[in-house]
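One structure is given below, encoded as structure tokens.
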Amino acid sequence: MILEALSLNDVTPTSDVVEDEEDIETLRRANERRPVFKFSIVDVPIGAILHFIKDEAVTCTVVDEKRVDFEGSITSLSDAARTMLHRHGGKLTAAQGPLYWIYENETLTERRSRLESEDSEVVSEIR
């Protein structure tokens, strides 16, 4: 009974608190799941040569939206990264491929972030 008498009301907000349209857009983007990585969303054409971040002499070639030719085998970007990380002493069982491959002097992850940022700036300018 004493605990019940001392209990406080739950004041946790039941919805997100936003102040303006920009906050609404930021919240929407944060809650939105990013699409699966495809080379086309980062403007990397089929046939493009990618360089491994830890040894730029190591390359792979984009063969379709999701796969590369790495050392004569068609594989995912992540599998190619994992292979190279193991050769460099890494013990990872999984790797996010776009973090480890470079195109036009930026990792594919950096490129994606930049392009998404540019896209959101264009949307903001249109409004």
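On a predicted model such as this, the values are computed, not experimentally measured, just so you know. By convention here, the first residue in the shown sequence is residue 1.
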For Gln96, is the CD atom crowded, meaning more than 12 foreign heavy atoms sit under 6.0 Å from it?
no

Shortest non-hydrogen contact between Tyr103 and Ile49, atoms and distance:
CD1-O, 3.8 Å

Side-chain heavy-atom pair Thr107, Leu99 within 4.5 angstrom cut-off
no

So, do Val58 and Trp101 sit near enough that their side-chain heavy atoms are less than 4.5 Å apart?
yes

Exactly one candidate in Thr59, Ile102, Val44 meets side-chain contact (heavy atoms from CB on, under 4.5 Å) with Leu50; the answer is Val44

State the CG-NE2 distance between Asn105 and His51, to the nearest 0.5 angstrom.
9.0 Å

Going by heavy atoms in the side chains, are Arg111 and Glu104 under 4.5 Å from each other?
yes

Ser113 side chain to Thr109 backbone, donor-acceptor under 3.5 Å
yes

Quick one: does Thr75's side chain get under 4.5 Å of Thr83's, heavy atoms only?
no

Between Ser78 (side chain only) and Ala95 (backbone N and O only), is there a donor and an acceptor less than 3.5 Å apart?
yes

Do you know which of Val63, Asp64, Ile46, Val68 makes side-chain contact (heavy atoms from CB on, under 4.5 Å) with Phe39?
Val68

Please tell me whether Leu115 and Leu77 are part of a single hydrophobic cluster in this structure, the criterion being side-chain heavy atoms less than 4.5 Å apart.
yes

To the nearest 0.5 Å, what is the distance between CD on Glu106 and CZ on Arg112?
13.5 Å

Contact between Pro45 and Val62 at the side-chain level, heavy atoms closer than 4.5 Å - yes or no?
no

Pairwise side-chain contact, Lys54 with Leu85, heavy-atom cut-off 4.5 Å (strictly under):
yes

Using salt bridge (Lys or Arg N to Asp or Glu O under 4.0 Å), reason through Arg114 and Glu118 one step at a time and then give a plain yes or no.
CA-CA 6 Å; Arg114 178 179 56 79; Glu118 288 172 3; 3.2 Å; yes

Could you walk me through whether Tyr100 and His88 pass the ring pair (Phe, Tyr, Trp, His ring centres under 6.0 Å) check?
CA-CA 12 Å; Tyr100 298 97; His88 282 83; over 10 Å; no

